[in-house]
Amino acid sequence: MTSETIITERIKYFQIEYPDGVPLGILKLDLGISVEELQRSLLSLEEQGILFIENEEYVKLVESPGEDSLEESVDPVAEDTVSEPVNIENEPVIKKAETYDLSEREIEALEIIKDLTDETGHIPRYTLEGTLLYGDLKLSMLGVYNLIMSLENKGILRKVQINDSEYYAV
């Protein structure tokens with residue numbers, strides 16, 4: 001997934017809590033990306049007409065009438081071709097294959113991480129780092145950082161803030 005797709009999904013999620021607009025500070029904390037990268041992605045999404053920025057503090061997705069008009073233009077094509085639903089079903093499988101293009105070390109780490117996560121799919125940041133550092137893999141500090149960043153970039157892990165503590169979500 002691209003960073004713009006991830007940002008859009010997070011805005012959709014937070015718009016339930018913040019119907020008047022998602023604060024940029026909340027997005028930055030949730031995504032764990034730099035201010036520059038967030039601004040660059042948000043400006044790109046605004047140029048595409050996907051969202052708009054209010055007072056340089058809040059972000060809100062554009063209403064769905066554009067999506068309805070897109071669906072109406074797709075419906076005649078869908079009626080003409082029978083194979084289109086098959087393409088829709090195959091799409092998530094392709095995304096999964098891209099997401100799980102992992103090295104051997106990443107696969108080993110992912111198995112360890114899945115054993116450590118609670119029922120909600122969260123693992124405390126320090127538990128994860130400590131386990132990778134001193135556990136079976138015995139990675140260096142740089143190795144732990146690189147492994148976590150790689151898993152985050154592939155969309156397998158993401159940083160979350162819960163009750164003033166840092167966690168990773170699988």
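Residues: numbered from 1 along the sequence shown. FYI, side chains are in, hydrogens and waters are out, and symmetry mates aren't considered; it's all heavy atoms of this structure. No experiment lies behind these values; they were computed from the predicted model shown.
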Enquirer: Testing Lys114, Glu108, Glu106 for side-chain contact (heavy atoms from CB on, under 4.5 Å) with Leu110, which one passes?
Expert: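 Of the listed residues Lys114, Glu108, Glu106, the side-chain contact (heavy atoms from CB on, under 4.5 Å) partner of Leu110 is Lys114.
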Enquirer: State yes or no: do Ile16 and Tyr18 share one hydrophobic cluster built from I, L, V, M, F, W and Y residues joined by side-chain heavy-atom distances below 4.5 Å, directly or via other members?
Expert: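 Cluster IDs for Ile16 and Tyr18 differ.
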Enquirer: Within the structure provided, determine whether Ile7 and Ile33 are in side-chain contact (heavy-atom separation under 4.5 Å).
Expert: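 A side-chain contact exists here, since the closest heavy-atom pair is under 4.5 Å.
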Enquirer: From Phe14 CZ over to Ile26 CD1, what is the distance, rounded to the nearest 0.5 angstrom?
Expert: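 These two atoms lie 6.5 Å from each other.
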Enquirer: Counting only N and O atoms by type, is there a donor-acceptor contact under 3.5 Å from the side chain of Ser150 to the main-chain atoms of Asn146?
Expert: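 It does not hold such a pair.
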Enquirer: Rounded at 0.5 Å granularity, tell me how far CD1 in Ile11 sits from CD1 in Ile50.
Expert: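 Ile11 atom CD1 to Ile50 atom CD1 measures 9.5 Å (nearest 0.5 Å).
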Enquirer: Where the side chain of Gln15 meets the backbone of Leu61, is there a donor-acceptor pair that is under 3.5 Å apart?
Expert: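 Yes, the answer is positive, given that a donor and an acceptor are paired below the 3.5 Å cut-off.
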Enquirer: Can you confirm whether more than 12 heavy atoms, excluding those of Arg105, are under 6.0 Å from its CZ atom?
Expert: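 Open.
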Enquirer: Working to the nearest 0.5 Å, report the span between CZ of Arg10 and CZ of Arg158.
Expert: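 Here the rounded value is 4.0 Å.
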Enquirer: Which atom pair, heavy atoms only, marks the closest approach of Leu27 to Leu38?
Expert: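 Answer, listing the atom of Leu27 first, then Leu38: CB-CD2, 4.4 Å.
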Enquirer: State the CG-NZ distance between Leu51 and Lys60, to the nearest 0.5 angstrom.
Expert: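 Leu51 CG to Lys60 NZ: 12.0 Å, rounded to 0.5 Å.
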Enquirer: Any chance you could lay out the side-chain hydrogen bond (donor to acceptor under 3.5 Å, both in side chains) test for Thr120 and Asp118, step after step, and finish with the verdict?
Expert: CA-CA 5 Å; Thr120 62; Asp118 59 10; 2.8 Å; yes
Enquirer: Under the side chain to side chain contact (heavy atoms under 4.5 Å, CB included) criterion, do Ile148 and Leu132 qualify, and how do the steps go?
Expert: CA-CA 9 Å; Ile148 290 174; Leu132 295 175; 4.1 Å; yes
Enquirer: Under 3.5 Å, is there a donor-acceptor pair between the Thr8 and Glu4 side chains?
Expert: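 Thr8 vs Glu4: no donor-acceptor pair found between side chains.
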Enquirer: Within a strict 4.5 Å, meaning less than it, do heavy atoms of the Leu43 and Ile53 side chains meet?
Expert: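 Answer yes - side chains close enough.
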Enquirer: Contact between Ile113 and Tyr168 at the side-chain level, heavy atoms closer than 4.5 Å - yes or no?
Expert: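 No, too far: nothing below the 4.5 Å cut-off.
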Enquirer: Measuring from atom CD of Glu111 to atom CG of Leu137, what distance do you get when rounded to the nearest 0.5 angstrom?
Expert: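 Glu111 CD to Leu137 CG: 10.0 Å, rounded to 0.5 Å.
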Enquirer: Could you pull out the closest heavy-atom pair between Leu147 and Ala109, with the gap in Å?
Expert: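 It is CD2-CB, 3.2 Å.
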Enquirer: Which atom names give the shortest non-hydrogen contact between Phe52 and Glu46, and what distance separates them?
Expert: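 Where Phe52 meets Glu46 most closely, the heavy atoms are CA-OE2, 4.0 Å.
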Enquirer: Answer yes or no: is there an ion pair linking Glu9 with Lys12, defined by an N-O contact shorter than 4.0 Å?
Expert: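 A salt bridge is present here (some side-chain N lies under 4.0 Å from a carboxylate O).
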Enquirer: CG of Leu24 to CD of Gln39: how many Å apart, nearest 0.5 Å?
Expert: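 So the CG of Leu24 and the CD of Gln39 are separated by 8.0 Å.
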Enquirer: Look at the side-chain heavy atoms of Ile, Leu, Val, Met, Phe, Trp and Tyr, link any pair under 4.5 Å apart, and say whether Leu133 and Met149 land in one connected group.
Expert: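 No: no chain of side-chain contacts under 4.5 Å links Leu133 to Met149.
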Enquirer: Can you find a pair of side-chain heavy atoms, one from Leu128 and one from Leu157, that are under 4.5 Å apart?
Expert: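 Sidechains of Leu157 and Leu128: in contact.
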Enquirer: Say whether, by atom type as modelled, one donor and one acceptor occur between the side chain of Lys159 and the main chain of Leu29 under 3.5 angstrom.
Expert: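 Checked: no pair found.
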Enquirer: Checking Ser41 side chain against Glu37 main chain: does a donor-acceptor pair fall under 3.5 Å?
Expert: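 Flag set: sc Ser41 to bb Glu37 pair under 3.5 Å.
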Enquirer: Counting only heavy atoms from other residues, nucleotides and ligands, does the tally under 6.0 Å from OH of Tyr58 exceed 12?
Expert: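 Not buried by this count: 12 neighbours or fewer within 6.0 Å.
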Enquirer: Which pair of non-hydrogen atoms, one from Ala169 and one from His122, has the smallest distance, and what is that distance?
Expert: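 Heavy atoms of Ala169 and His122 come nearest at CB-CD2, 3.8 Å.
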Enquirer: Taking the side chain as every heavy atom from C-beta outward, state whether Gln161 and Asp30 have any atom pair closer than 4.5 Å.
Expert: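 They are not in side-chain contact.
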Enquirer: Does Val160 sit in a hydrophobic cluster with other residues, and if so which ones, taking ILVMFWY side chains as linked at heavy-atom separations under 4.5 Å, directly or through other members?
Expert: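 So far as hydrophobic clustering goes, Val160 is joined with Ile162, Tyr167.
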